[in-house]
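Accompanying notes for the structure given below.
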Protein chains: 2
Amino acid sequence: MATIKDVARQAGVAISTVSAVLNRSAPVSQDVIDRVQAAIAKTGYTPHAAARSLRSGRSRLIGLVVPNIANPHFAMVAREVENVCLRAGYTSMVYSSGQDPRRESQVLTMMRVQRVAGLILIPTRSDAGHGAALIDQINVPTVLLDMQVEGLPFDVVKSDNAAAGRLAAEHLIGLGHKHIGMIVGIPGLATSDDRQLGFTQALAQNGLACDRSWIGRGEFDMEQARTAAKKVLYAAPRPTALVAVSNMTTLGVLLAARDLGLAVPRDLSVVGIDDFEMAALMDPQPTVVSTPVREMARASIERLLDIVDKKNAAPQANRIFEPALIVRSSTSRPPA
Amino acid sequence: MATIKDVARQAGVAISTVSAVLNRSAPVSQDVIDRVQAAIAKTGYTPHAAARSLRSGRSRLIGLVVPNIANPHFAMVAREVENVCLRAGYTSMVYSSGQDPRRESQVLTMMRVQRVAGLILIPTRSDAGHGAALIDQINVPTVLLDMQVEGLPFDVVKSDNAAAGRLAAEHLIGLGHKHIGMIVGIPGLATSDDRQLGFTQALAQNGLACDRSWIGRGEFDMEQARTAAKKVLYAAPRPTALVAVSNMTTLGVLLAARDLGLAVPRDLSVVGIDDFEMAALMDPQPTVVSTPVREMARASIERLLDIVDKKNAAPQANRIFEPALIVRSSTSRPPA
DNA sequence: TTTCGTAGTCGAAACGTTTCGTATATTGCA
DNA sequence: TGCAATATACGAAACGTTTCGACTACGAAA
C-alpha cells in the first residue's frame, strides 16, 4: 500500500509537508496543496490509523460496551453511536459484556489494548465492589450509560428508573389492581434495583403490600424471566398484574402467561419497562413505560466526544431522561 | 502507560526477550519467562495494538459491514461474529452501510484506514457495476455474506434465496391462492432478485400469472414496504396473498393490511422471508421462510479466519444454506 | 538600507512494537 | 580437553506517522 512517503515523492515535497496538508496543521501554499492532493489521488494513499495513533498518542477510536448487541434495544444504541462517530471522524467499536463481569473485564482489556480514546459503558453491576474493580481497568474518558456505578467518577446518562417503576405500578393501581408483582433483573444492578424501588414505593404509598413470592428474578433474559414469572404465577394468591423490568423480561412474562393458559389482560395485566419497535404487531400489544433510548445514546456519545476533544472536560451533572407511560392492550382492570 | 520497555527493565532482560515471551516466538528459559510475567503483572503492562500492527503488518482486526445494525437480524450476525472473534483473539468492528453504496464506500474506507485483516461484507448491490466499484476498494481477504456480487472473486456464504421464494409461493399455492403478490426489495440486489425469481418460477410452474401491479418495491424498510404494500392492495383484483422479501418488509405488509382494515389471514395471507425471534408473541404469528442466520454468520467468520490465518486460503465453493418453511397463523386458504 | 516578523518548507527524532542477525553460554561428542 | 552444535539472550533496524526546531525568502517597518 502507498505510504505518505510515496505521496511526498510523487508530489516532490517533504513528508512533513504532506502531513501538514493532511492535518491542516501548518500553513501550506495552495500550489503545494494541489500537488499533494493530486499525488494522493494518483497513489491511492490511505492513511495508516495505527501509525498515526502510535505517533500522536491519540486513537480516534471509541469503545461501546453493551450487555448484548443482539438485543434490539442495545442495537439501537450502537446504531446511534455509530452515526455520531462516523460524522465526527471517529470509529466506534461495540462489544457485548453478556451481563457477565468476567466477560466485561475481558472486553475492557481489549479496549485498552486498542487504546480507545473514550468509552461508553453500560455496566454489568453497579455496586461499590464492582466500581472498585472497574476503576483500575479504565483509564480513558468514560460515560456511563443507563446507570451509575458506585465509586466511579464518570458522567452518567440514564433515565429516571425509579420513576419508571413508579409509573408502571401506579398505572396498575389506578386500574384497581391490589395484587401486583414484579419480575426484576439482577440485584446489585441499579437499573433493576431502582425500578424495583420505584415500584415498591408506589405500592406502599397506596397502602398495598407486595408479597415476597410475587417478586421473581429474571436476569434480563427471556427464558429466565419466563421461568421466574411462572413461579410467581403459581403463588397463592396469584398476582393479578405483573411489572417486567426490561424488554426481554416482558417477553418472558408474556410467554409465561401463555404457558399457564392465562389470558392477558383478562387474567393478568402486564406492563413492561422499555418499549418495542414492533409493539403494534404484538399480541397483546404491551402497555409499557418507555425510555428515550436514541436520545440517551446520542447524549452519551456527544458528551463523550466533548470530553475527548477537550471541549468540555469538567464532569457535569448527570443527564437524566424522563420515562413515559404508553398504555396499550396488555393491561386492564383486575378480574372481579 | 507501561510499555514493553518498562517490563524489560523491571525483569532485567532485553526488550526483544519480552517480545519473545509475549508471542512465544522464540525459546526462552523458564526462569526468564517467570520474571517477565512477574514484571508484566507488576507494571500493569498492556500491549499496544497500534504499535504491534504497525511493525508486524498484521492487525487482528476484522471488519463487518451490515445493512443496519439496528435490525435484529443483523444484530444477531454481529453477535456471532463478535463471539468467534473474541475467542480467536481477534477484534471485530461492525458498521452499517444503510443499504447505501455511498455510505458503504465510506465505511470501507474507514476499514482500510484501520487496516482490517479481513472483511465480512453484506453488500448494498450485487450487479457487475457495483462489483467493479468494490474491487478497488477492497484489498483484504473477504467473505461475502447473504449474496454474491458479480465480478468479486470472494467466498460467499448465503442461503438458497430462490428456494426461499419458491417455498413461500408454493405454500400459498398449496393453500389454494391464485392471486399472489410480492413486496420485493431493491432491484439489483441478489437477495431480493433471487427470492423474487424463485417466487415467479413457482407461480409459473403452477400455471399462475403474476400481475405487475401485484409486485411492490419496499426497499427492505418497514415504512416503505408499508406504502408499497398498500399500493398493491389497492389493485383490482386485489391479491389474496402476499410474500414479503425480508423481515422488515413483513412488518410493513402486516401494518399495511391493518391500515386497510384487512384481517390477516382471513382477507389476506402473508408469508415473510426470515424469521422473528418474537414470532410467538406477534399478531398474527407470521408464517415464514426461515434462514439459519446464526449458522451462516458463524460459517462466514470461521471461513474468513481460516483465510486470514492462512490455514486455507484457496477460494472454496460457496456455502449455501437451505431455508425452511415455518407455518404459523398469517396464512390460510383464500376467501371464497 | 537594515532589521524583523512571518509564511512556507524541510529534516530528524520519536512513538512501541517485531524481527532478524549476532553474540554468548552450555552441552554433546570425539 | 577441544570443538561443533545448540539453546538463549541481546541490539539495532524498521514499520508509517506526527511533531518540532531550524532554515529560507520575502515583504513591512524603521
Side-chain angles (χ1 to χ4, degrees), chain A residues 1-37 39-40 43-61 89 91 109-110 112-117 139-140, chain B residues 1-37 39-40 43-61 89 91 109-110 112-117 139-140:
Chain A
M1 290 211 63
T3 72
I4 199 174
K5 213 166 162 180
D6 302 316
V7 175
R9 190 174 328 115
Q10 176 74 34
V13 300
I15 289 178
S16 52
T17 305
V18 177
S19 176
V21 172
L22 253 28
N23 304 297
R24 303 183 193 354
S25 55
V28 179
S29 70
Q30 191 56 49
D31 170 53
V32 169
I33 291 181
D34 294 342
R35 268 156 52 210
V36 167
Q37 271 162 356
I40 289 175
T43 55
Y45 168 71
T46 313
H48 193 302
R52 183 173 278 195
S53 101
L54 172 59
R55 166 62 229 212
S56 70
R58 274 161 288 147
S59 78
R60 304 196 76 76
L61 271 181
T91 302
T109 299
M110 214 195 61
R112 209 149 15 99
V113 168
Q114 297 294 337
R115 297 296 194 275
V116 293
N139 59 352
V140 289
Chain B
M1 288 210 65
T3 74
I4 199 175
K5 213 165 161 180
D6 302 318
V7 175
R9 187 172 332 114
Q10 175 74 33
V13 300
I15 290 179
S16 53
T17 304
V18 177
S19 176
V21 172
L22 253 27
N23 304 296
R24 304 181 192 356
S25 54
V28 179
S29 69
Q30 190 56 49
D31 169 53
V32 169
I33 292 181
D34 294 343
R35 265 156 54 211
V36 167
Q37 272 162 356
I40 288 175
T43 55
Y45 168 71
T46 312
H48 194 303
R52 183 173 278 194
S53 103
L54 172 60
R55 166 62 227 214
S56 70
R58 274 161 289 148
S59 77
R60 302 195 79 76
L61 271 181
T91 301
T109 299
M110 213 195 62
R112 210 149 12 99
V113 168
Q114 298 293 337
R115 297 297 192 275
V116 292
N139 59 353
V140 289

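Below, chain A is the first sequence line, B the second, and so on; all start at residue 1.
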Separation of atom [atom1] in [X] from atom [atom2] in [N], rounded to whole Å:
X: B:Gln114; N: D:dG16; atom1: CD; atom2: C1'; result: 14 Å
X: A:Ile4; N: D:dT18; atom1: CD1; atom2: C1'; result: 8 Å
X: A:His48; N: D:dA14; atom1: NE2; atom2: P; result: 17 Å
X: A:Arg115; N: C:dT17; atom1: CZ; atom2: C1'; result: 11 Å
X: B:Leu54; N: C:dG16; atom1: CG; atom2: P; result: 12 Å
X: A:Arg60; N: D:dT17; atom1: CZ; atom2: C1'; result: 15 Å

Inter-residue atom distance [X].[atom1] - [Y].[atom2], 0.5 Å rounding:
X: B:Arg52; Y: B:Ile4; atom1: CZ; atom2: CD1; answer: 8.0 Å
X: B:Arg9; Y: B:Ile15; atom1: CZ; atom2: CD1; answer: 9.0 Å
X: B:Gln114; Y: B:Ser53; atom1: CD; atom2: OG; answer: 9.0 Å

Can A:Arg112 and B:Thr46 be counted as having a side-chain donor-acceptor contact under 3.5 angstrom?
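Note: A:Arg112 and B:Thr46 side chains meet the donor-acceptor criterion.
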
Can you give me the closest heavy-atom contact between A:Gln10 and A:Ala39, atom names plus distance?
CG-CB, 3.5 Å

Provide the closest heavy-atom pair for A:Ser25 versus A:Ser19 in the form atom of the first, atom of the second, distance.
OG-O, 4.1 Å

Side chain to side chain contact (heavy atoms under 4.5 Å, CB included) evaluation trace for B:Ile40 with B:Leu22:
CA-CA 10 Å; B:Ile40 288 175; B:Leu22 253 27; 3.5 Å; yes

Any donor-acceptor pair under 3.5 Å joining the side chain of A:Arg55 to the base of D:dT18?
yes

Pairwise side-chain contact, [X] with [Y], heavy-atom cut-off 4.5 Å (strictly under):
X: A:Tyr45; Y: A:Asp6; value: no
X: B:Arg115; Y: B:Leu61; value: no
X: A:Arg60; Y: A:Thr91; value: no

Main-chain N/O of B:Ala117 paired with B:Ser59 side-chain donor or acceptor, under 3.5 Å:
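Checking the backbone N and O of B:Ala117 against the side chain of B:Ser59, a donor-acceptor pair under 3.5 Å is found.
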
Bending between helix ends of the helix from C:dT1-D:dA30 to C:dA30-D:dT1 [5 pairs per end, 10° resolution]:
50°

So, is B:Arg58 near the phosphate of C:dT19, with a side-chain N or O under 4.0 Å from OP1 or OP2?
yes

Closer than 4.0 Å, any side-chain N/O of A:Arg52 to the OP1 or OP2 of D:dT19?
no

Counting only non-hydrogen atoms, which of residues 12-20 of chain B are less than 4.0 Å from DNA chain C?
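Those residues whose heavy atoms fall under 4.0 Å from DNA chain C, taken from residues 12-20 of chain B in numerical order, are B:Ile15, B:Ser16, B:Ser19.
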
Quick check for you: among D:dT17, C:dG16, C:dT17, whose closest atom lies nearest to any side-chain atom of A:Ala51?
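So the nucleotide nearest the side chain must be D:dT17.
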
Stretch residues 22-33 of chain A: residues that reach within less than 4.0 Å of DNA chain D through a heavy atom
A:Asn23

